[in-house]
Each structure stands twice: as C-alpha cells, then as structure tokens.
A.B. asks: 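Take a look at this one; I'll ask things after.
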Protein chains: 2
Amino acid sequence: MTEDSYPRTRRFLQGRSRDALDVRERSLLESLVDEVQQFTSPHTILKRGDVQDRSTILIEGTVARVIHEGGKRHIVALHVPGDFVDLHAFTLKRLDHDVVSMGAVRVGYVTHDALTRVLETEPNLSKMLWYSTLLDAAMHREWIMKMEHLSAHGRLAHLMAELWQRLTFVDLAGESGFALPLTQQELADSCGTTSIHMNRVVRKLRETGVVDISRGQVTILDFDELKRVGAFDAAYLYGEGPLKLI
Amino acid sequence: MTEDSYPRTRRFLQGRSRDALDVRERSLLESLVDEVQQFTSPHTILKRGDVQDRSTILIEGTVARVIHEGGKRHIVALHVPGDFVDLHAFTLKRLDHDVVSMGAVRVGYVTHDALTRVLETEPNLSKMLWYSTLLDAAMHREWIMKMEHLSAHGRLAHLMAELWQRLTFVDLAGESGFALPLTQQELADSCGTTSIHMNRVVRKLRETGVVDISRGQVTILDFDELKRVGAFDAAYLYGEGPLKLI
DNA sequence: CGCAAGAATTAACATATGTTAGGGTTTGTG
DNA sequence: CACAAACCCTAACATATGTTAATTCTTGCG
C-alpha cells in the first residue's frame with residue numbers, strides 16, 4: 001500500500017489485523033467517506049445527546065471523548081488517526097458524551113445510510129467495524145483498571161505507554177517519542193486528577209528519567225521503567241503479531 | 001410475552017429497546033443457545049487469553065469481568081441477567097480479562113459459528129448484538145468518569161444506583177432494593193478501593209440513610225440522595241422511554 | 001516589540017484513602 | 001452443637017491528592 005492509497009481510511013485498524021479487510025473492502029470503505037472537514041482551534045465536534053446521521057473517522061490529529069460532570073471535564077478516551085470516534089452512535093443513536101478536538105484535526109464522515117447498506121451486504125466489513133468498537137471497549141476496560149489500581153504517577157505513565165504503542169500501530173510515532181497536543185490540564189482530565197497534581201507528576205517522571213512531556217512533545221526516556229510504573233501490558237490493544245514495544 | 005417465552009434469552013436488551021427484535025428474531029436468538037450450565041460456588045467461568053468458540057449469555061445471577069494486576073483483583077464490569085458477558089470475544093478472538101461468577105449463576109452458550117451465520121443473514125439481529133456490546137462500552141465510559149471524578153463514597157452510590165436501574169430493566173429489582181451477592185471486598189474491587197475503606201463507606205451510607213448494604217441485600221433508603229451522592233444520571237444506560245427511576 | 005492570555009510551576013495546608021494490626025461476627029458443615 | 005473459614009468491623013498512623021493562592025514562563029497577536 002502506497003502512501004497515497006486510501007488517503008482517508010488507510011489507518012483504520014492499521015497494526016491491529018493485517019488481513020482484516022481485502023482490497024475490495026478497503027476500497028469500498030474509502031469510498032464511503034463522503035466529506036472531509038478540518039478544525040484548527042480546539043473545537044467540540046460532537047455534543048452529548050446529538051442524534052447524528054453520519055459517523056466520524058479521525059484522519060489526522062488527536063480527539064478526546066469528554067463527559068462533563070459536576071462542573072468538571074473528564075476525558076474518558078483519546079483517539080489517534082484511523083479511529084472512528086463515534087461509530088457507536090450509528091447503533092446507539094445518540095451520543096453519551098462530547099467529542100472534542102485537541103489541537104488541529106482532520107476528520108471524514110460516513111453516512112449511517114451507507115453503514116446500513118454495509119451491514120446488509122458486507123458481513124466481513126461489518127464485523128471489522130464492530131471489531132473497532134470492541135477495541136475501544138477493551139481500552140475502556142484497561143482505563144477502568146488503571147483508575148482503580150494506579151496512582152496519578154502510574155496513570156500518566158500508562159497513558160504515555162498506550163499512546164506510544166497506538167501511534168506506532170499507525171506509523172505516527174517517532175524514534176523516541178511523539179507529538180501530543182495536550183496541556184497539563186488536559187492530561188489531568190485524562191488521569192482523573194488536578195492540573196496542580198499533574199504538574200508534580202510530570203516533573204517527577206521527567207526528573208527520574210522515565211518520560212519527558214513538554215511543549216506538546218513526549219520523549220520516552222526509559223520505556224522499560226515507563227511500562228513498570230504504568231503497569232502496562234499491551235495485550236489489551238490486540239496488536240497483530242509480536243508487538244514492537246514489548 | 002409470558003414468563004415462559006424464550007426462557008434463556010428473554011432478558012436480552014429488555015428495557016433497552018422494546019422493538020429491537022421481532023418475534024422471528026427473538027425466537028431465532030432463543031434457538032441459538034445450545035447449552036445451559038450452572039455454577040454454584042464462586043467460579044472463574046472464562047479466563048483471560050482464552051480463545052473460545054462460543055459466547056456466553058447470563059441467564060441468572062451476577063458475574064463480574066475481572067482484570068488481575070499487581071496481585072490485586074479489579075472488577076471492571078458487573079453483569080445482570082440478559083447480558084452477554086463475552087460477546088466481544090466473538091470478534092476479538094481472545095478475552096482481555098477473566099469472567100467470574102458472583103454467587104450462583106446460570107449461563108447459556110451460543111457458538112461462534114451460529115453468530116457468523118447471523119452476521120451473514122440477519123442484519124437487524126446482528127446490529128442488536130453489536131448494540132449490546134456498545135451498551136457495555138457506554139457503561140465502561142461512565143465507570144471511567146466515576147473513577148476519575150468521584151470519591152469512594154460517590155463510587156459506591158453510583159454503583160448501587162446503576163445496578164438498581166439495570167435490574168429494574170430486566171424486572172429483577174424489588175420495591176425498595178435488590179439482592180446482590182457481593183462481599184465488601186468485592187464491592188471494594190469494583191470501586192477501586194480497599195475493603196477497609198469500603199467498610200467505612202458502607203457504614204456511612206447506611207448511617208446517613210442513603211442506602212443499606214448488608215448480607216447480600218441492598219435496600220435503597222433515599223434514591224434522590226443516592227443519585228446526588230453518586231452523580232448518577234441514567235441517560236448512559238439507554239433505557240427505553242421515560243426511565244422509571246429518573 | 002510589547003502586551004495579554006493561557007500555561008506551567010511552586011508553596012502551604014486540609015483531607016480522603018491506604019496500610020497494618022487485630023478483634024468480633026456470621027455462615028456453612030460435619 | 002462445635003468448629004473453621006469467611007466476612008465484617010474498628011483503630012492508629014502514613015501518604016497521596018485536593019484546594020487555594022501566587023508567581024513565573026510561553027505563546028500568539030496587534
């Protein structure tokens with residue numbers, strides 16, 4: 001597959017299941033994207049309660065799924081390119097959370113009518129769409145585990161390890177790190193803590209030579225230690241073959 | 001629908017989508033259950049890493065999805081009758097967590113071959129199976145939010161409110177409470193805290209007249225207060241029509 | 001270049017929760 | 001009924017994290 005093949009959907013399930021889709025299905029999926037949109041400033045792409053007639057695939061950038069509660073913002077999932085961010089709304093009808101861009105993003109849209117036709121005529125592609133929502137659920141479970149089990153220190157380490165692995169799947173991780181347009185406040189919202197405490201944690205992980213997070217750039221300093229502190233085991237990400245990072 | 005109709009699967013999606021399945025589809029689903037099994041003592045029904053050729057629907061009792069990490073047991077989901085507990089394994093192939101019975105349970109099995117045939121010939125039933133896994137994911141997200149946002153006090157209140165609502169969906173809640181075969185240790189494992197602290201929290205919720213949890217029986221004393229303490233809003237459960245408990 | 005807004009950082013103090021230790025109570029079973 | 005094994009409960013102390021309040025550092029923009 002060249003860099004130009006399937007420019008909007010080629011990262012869908014990339015790194016997860018090499019043979020999930022054949023050429024015809026890949027090409028069909030690509031053709032389903034009937035509009036592409038760009039957002040630069042932080043933007044709420046979808047709002048809780050919205051009833052959509054199309055779903056959104058992330059092409060470029062980072063988006064968060066956000067639940068507002070008690071005047072606070074809680075990030076319950078982060079997405080990387082290739083992820084459908086609201087495929088579940090196809091079946092659930094309305095969203096139970098907001099979808100917010102973190103920095104500049106580019107997204108594509110697939111109508112629910114098109115998805116209905118897929119469900120009626122493309123059992124394998126249907127199964128792979130289902131599969132992608134189950135990967136989200138597996139990540140959700142891991143996040144529950146980490147919230148139950150880990151201190152803020154471990155939660156941040158786990159998050160960095162997960163993002164590095166997921167960006168590696170889709171060929172967007174660098175040699176020793178990756179770009180991440182999240183402020184310390186947003187990292188705090190992703191780890192269920194405050195920005196003040198997140199600042200302590202970021203500093204400590206930097207000082208102890210585990211990972212450096214600054215100015216939107218994450219540098220992995222000691223991946224073994226990062227995995228240990230974050231109790232990270234990539235099995236729940238269902239990567240194909242032997243995982244690079246294990 | 002009489003009490004005897006579809007004895008193994010009639011609680012599937014009950015309370016969620018009244019018209020999700022027509023009579024033919026209901027009957028087809030019922031016929032897919034090719035074996036029923038009972039467990040009395042606490043039992044690990046499915047193990048992490050298992051590759052199954054069938055999925056499991058809970059007919060009676062309570063089961064937990066468990067992730068073991070750092071020598072501790074973390075409950076990341078609880079299931080009530082009508083729930084498929086490992087439908088995701090049909091597509092993900094292997095389980096990322098254990099499935100454990102809490103007290104006595106009865107489960108039914110549906111082979112993956114049968115599910116593949118459903119996917120090929122029954123688009124609506126397929127969509128409803130998908131839907132049920134998306135309900136799980138929505139609950140996962142709510143759990144992440146509650147772990148990020150709430151104290152142990154609020155987490156327990158939220159859990160009790162959620163279970164009461166879900167058992168109400170499937171007609172298994174009593175007038176003012178429900179049976180729950182979980183020890184304080186297991187409640188602690190569901191809330192990400194210790195049994196010592198869970199004991200403090202259980203006592204406080206009892207003393208303040210919110211909810212009484214003792215000897216496997218939960219009695220709701222003040223549901224408005226329970227919802228407030230647990231920041232509970234049932235929207236994420238996608239119940240049909242106006243929810244009884246709201 | 002200079003300003004304003006947001007972001008990062010630090011300090012001091014309050015509190016929820018974890019840890020360790022132990023005693024009491026219930027429940028199932030021979 | 002007696003016993004063991006869970007389970008429930010409590011206390012004392014240590015620590016991670018929240019809260020409030022400032023100060024400095026970046027960054028974007030006129």
Side-chain angles (χ1 to χ4, degrees), chain A residues 40-43 69-75 100 102-104 146-158 179-208 211-219 229-231, chain B residues 40-43 69-75 100-104 146-158 179-208 211-218 229-231:
Chain A
T40 49
S41 51
H43 181 81
E69 179 60 58
K72 285 181 180 162
R73 176 180 61 174
H74 302 283
I75 294 177
V100 180
M102 309 265 109
K146 91 177 171 191
M147 297 301 167
E148 291 183 348
H149 180 54
L150 299 176
S151 66
H153 206 237
R155 291 175 187 182
L156 181 61
H158 186 284
L180 185 70
L182 266 66
T183 64
Q184 289 187 359
Q185 178 64 62
E186 288 160 344
L187 290 173
D189 294 342
S190 307
C191 291
T193 185
T194 60
S195 63
I196 288 85
H197 195 56
M198 184 48 63
N199 184 271
R200 293 176 185 134
V201 168
V202 166
R203 176 158 40 110
K204 184 155 185 201
L205 284 178
R206 187 184 301 139
E207 284 172 1
T208 54
V211 60
D212 183 278
I213 306 172
S214 44
R215 263 160 290 171
Q217 189 65 32
V218 176
T219 308
V229 172
Chain B
T40 50
S41 51
H43 181 82
E69 179 60 58
K72 287 182 181 162
R73 176 181 61 173
H74 301 283
I75 294 178
V100 180
S101 66
M102 308 267 110
K146 91 178 172 192
M147 296 300 167
E148 290 182 349
H149 181 53
L150 298 176
S151 65
H153 205 239
R155 292 176 188 183
L156 181 60
H158 187 284
L180 185 70
L182 265 67
T183 65
Q184 289 188 357
Q185 178 64 61
E186 287 160 344
L187 290 172
D189 294 342
S190 306
C191 291
T193 184
T194 60
S195 62
I196 288 87
H197 195 56
M198 184 47 64
N199 184 271
R200 293 176 187 135
V201 168
V202 167
R203 175 158 42 107
K204 183 154 185 202
L205 284 177
R206 187 184 302 140
E207 285 171 0
T208 53
V211 60
D212 184 279
I213 306 172
S214 44
R215 262 160 289 171
Q217 188 65 32
V218 176
V229 172

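Order of the sequence lines fixes the chain letters, A, B, ..., with proteins taken first and strands second; residue numbering starts at 1 for each chain. Bear in mind that the values here come from a model prediction, so they are computed numbers and not experimental data.
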A.B. asks: So which nucleotide from dT9(C), dA7(C), dC8(D) ends up closest to the side chain of Gln184(B)?
C.D. replies: dC8(D)
A.B. asks: Grab the CD-P distance between Glu207(B) and dC9(D) for me, whole Å please.
C.D. replies: 10 Å
A.B. asks: Which part of the nucleic acid, if any, lies within reach of Gly154(B) when heavy atoms closer than 4.0 Å are counted: base, sugar-phosphate only, or nothing?
C.D. replies: nothing
A.B. asks: Whole angstroms only, please: what is the CZ-P distance between Arg203(A) and dT24(D)?
C.D. replies: 16 Å
A.B. asks: Using only heavy-atom distances, determine whether the side chains of His158(A) and Arg155(A) contain a donor-acceptor pair under 3.5 Å.
C.D. replies: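 No - no donor-acceptor pair under 3.5 Å links their side chains.
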A.B. asks: Which of these nucleotides, dA8(C), dG18(D), dA11(D), is closest to any side-chain atom of Asn199(A)?
C.D. replies: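 Closest nucleotide among those given: dA8(C).
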A.B. asks: Just how far, in rounded Å, is C1' of dC9(D) from CG of Asp212(B)?
C.D. replies: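 One finds 15 Å between C1' of dC9(D) and CG of Asp212(B), rounded.
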A.B. asks: In terms of side-chain heavy atoms of Thr193(A), which of dT20(D), dG18(C), dG18(D) is nearest?
C.D. replies: dG18(D)
A.B. asks: Looking at Lys204(B), does any N or O in its side chain come under 4.0 Å of the phosphate oxygens OP1/OP2 on dT17(C)?
C.D. replies: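 No, no such contact exists.
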A.B. asks: Would you classify Gly216(B) as touching base, sugar-phosphate or nothing, given that sugar-phosphate means primed atoms plus P, OP1 and OP2, and contacts are heavy atoms under 4.0 Å?
C.D. replies: nothing
A.B. asks: Look only at the side chain of Arg206(B) and the backbone of Ile213(B), and say whether a donor-acceptor pair between them is shorter than 3.5 Å.
C.D. replies: yes
A.B. asks: Identify whether any heavy atom of Ser151(B) sits under 4.0 Å from a base atom; if not, whether one sits that close to sugar-phosphate; answer base, sugar-phosphate or nothing.
C.D. replies: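 Sugar-phosphate only.
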A.B. asks: With a 4.0 Å limit, can you tell me whether Arg200(B) has a side-chain N or O closer than that to the phosphate oxygens OP1/OP2 of dA11(D)?
C.D. replies: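 Result: no.
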A.B. asks: Quick check for you: to the nearest 0.5 Å, what is the distance between Gln184(B) atom CD and Thr194(B) atom OG1?
C.D. replies: 10.5 Å
A.B. asks: What is the distance, to the nearest angstrom, from the NE2 atom on His197(A) to the P atom on dT15(D)?
C.D. replies: 15 Å
A.B. asks: Start at the 5' end of DNA chain D and walk down; is the nucleotide closest to Leu150(A) or to Arg215(A) reached first?
C.D. replies: Leu150(A)
A.B. asks: Looking across every strand, which nucleic acid part, if any, lies under 4.0 Å from Thr194(A) by heavy atom: base, sugar-phosphate, or nothing?
C.D. replies: base
A.B. asks: Roughly, in whole Å, what's the span from CD in Glu186(A) to P in dA8(C)?
C.D. replies: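 In whole Å, dA8(C) P lies 9 Å from Glu186(A) CD.
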A.B. asks: Does Arg155(B) reach a base, just sugar-phosphate, or nothing at all? Heavy atoms under 4.0 Å.
C.D. replies: nothing
